[in-house]
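Accompanying notes for the structure given below.
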Amino acid sequence: MSLHSTAAQLVTLASEGGEHGGHASLNPYLTGGGALVVLLLLLWITTRFNRDR
């Protein structure tokens, strides 16, 4: 499979979402807030286990 045909398939797949561009039940603020919380939790865990300070 060539790069051009793969890119064309991805464009077709992305355009099937319609005007909204995503699933109707996914709230972007909730998704982004959840991702932020998870990343902050991972940052906190990483700094707790860092003994090189």
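- Judged as a side chain to side chain contact (heavy atoms under 4.5 Å, CB included), and not counting sequence neighbours, the contacts of L30 are N27.
- In terms of heavy-atom proximity, T6 sits nearest to S2 at OG1-O, 2.8 Å.
- A 4.5 Å side-chain heavy-atom check between L43 and L39 finds every atom pair outside the cut-off.
- Side-chain contacts under 4.5 Å among hydrophobic residues (ILVMFWY), followed directly or transitively, place L41 together with W44, I45, F49.
- V37 belongs to no multi-residue hydrophobic cluster, having no ILVMFWY side-chain contact under 4.5 Å with any other such residue.
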